[in-house]
Amino acid sequence: MNIFVAKLNFKTTSEALQQCFEEYGEVSSAKVIFDRETQRSKGFGFVEMPDDEAAEQAIRELNESEFDGRTIVVKKARPKTSNY
DNA sequence: ACTGAGCGG
């Protein structure tokens with residue numbers, strides 16, 4: 001289950017994001033998107049969880065919840081770039 | 001250095 005996390009704190013890192021979701025289930029990978037030029041956070045990231053049940057539960061619990069001082073938005077992620 | 005909707009290389 002790919003999870004999309006938005007409105008993150010700009011200081012939030014992938015490690016903190018992963019540890020946040022690990023509280024609700026198994027996390028295979030998690031990363032915050034950083035700008036390729038300035039190396040600064042874009043304010044959103046992605047989390048991948050092998051357990052779909054834990055993933056949906058994590059979405060319910062973490063969506064619109066306070067994380068690192070900011071209210072984050074957690075949704076199901078869309079498939080990657082559709083190159084047509 | 002800073003910003004605040006939105007989906008990554």
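Hydrogens, waters and symmetry mates play no part in the numbers below; they use all other heavy atoms, side chains included.
Of the two residues near DNA chain B, A/Arg78 and A/Gly43, the one whose nearest nucleotide lies more 5' is A/Gly43. For A/Thr38 and A/Ala6, each mapped to the nucleotide of DNA chain B holding its nearest heavy atom, the one lying further toward the 5' end belongs to A/Thr38.
Atom NZ in A/Lys7 sits about 16 Å away from atom P in B/dT3, given to the nearest Å. Nucleotide B/dC7 holds its C1' atom 16 Å from the CZ atom of A/Phe34, rounded to whole Å. Taking atom CZ on A/Phe46 and atom P on B/dG6, their separation rounds to 14 Å, with Å as the unit. Atom CG in A/Asp35 sits roughly 16 Å away from atom P in B/dG4 (whole-Å rounding). If you measure from atom CZ of A/Phe10 to atom P of B/dT3, you get 8 Å, rounded to the nearest angstrom. Across the protein-nucleic acid pair, A/Lys75 atom NZ and B/dG8 atom P stand 14 Å apart, rounded to whole Å. Atom CG of A/Asn9 is separated from atom P of B/dC2 by 12 Å (rounded to the nearest Å).
A/Ile59 CD1 to A/Met49 CE: the interatomic distance, rounded to the nearest 0.5 Å, is 8.5 Å. Here A/Glu64 contributes atom CD and A/Lys75 contributes atom NZ; the two are 9.0 Å apart, rounded to the nearest 0.5 Å.
For the pair A/Phe67 and A/Leu62, the minimum side-chain heavy-atom distance is 4.5 Å or more. A/Thr13 has its side chain out of reach of A/Val32: every pair of non-hydrogen atoms, C-beta onward, lies at least 4.5 Å apart. Residues A/Met1 and A/Ile3 form a side-chain contact, since some pair of their non-hydrogen atoms from C-beta on lies under 4.5 Å apart. Using a 4.5 Å cut-off on side-chain heavy atoms (C-beta onward), A/Phe4 and A/Val47 make no contact. Within the 4.5 Å cutoff, side-chain heavy atoms of A/Leu17 are placed close to those of A/Val5.
A/Arg40 comes within contact range of at least one nucleobase, with a heavy-atom separation under 4.0 Å. Base engagement by A/Leu8 is indicated by at least one non-hydrogen atom pair under 4.0 Å involving a base atom.
For the segment residues 15-33 of chain A, the set of residues with a heavy atom within less than 4.0 Å of an atom of DNA chain B comprises A/Lys31, A/Ile33, in numerical order. Listed by residue number, the members of residues 48-72 of chain A with any heavy atom below 4.0 angstrom from DNA chain B are A/Arg70.
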Using side chain to side chain donor-acceptor pair (under 3.5 Å), reason through A/Gln19 and A/Glu15 one step at a time and then give a plain yes or no. CA-CA 6 Å; A/Gln19 290 178 357; A/Glu15 297 176 359; 5.7 Å; no
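A stacking contact between A/Phe4 and B/dG6 is absent: the pair does not combine a ring-centre distance of less than 5.5 Å to the base's six-membered ring with planes differing by less than 30°.
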Could you list the donor-acceptor pairs under 3.5 angstrom formed by side chains in residues 34-41 of chain A, with sequence neighbours left out?
from	atom 1	to	atom 2	distance (Å)
A/Asp35	OD1	A/Glu37	N	2.7
A/Asp35	OD1	A/Thr38	N	3.0
A/Thr38	OG1	A/Arg40	N	3.4
A/Gln39	NE2	A/Arg36	O	3.3
A/Ser41	OG	A/Gly43	N	3.1

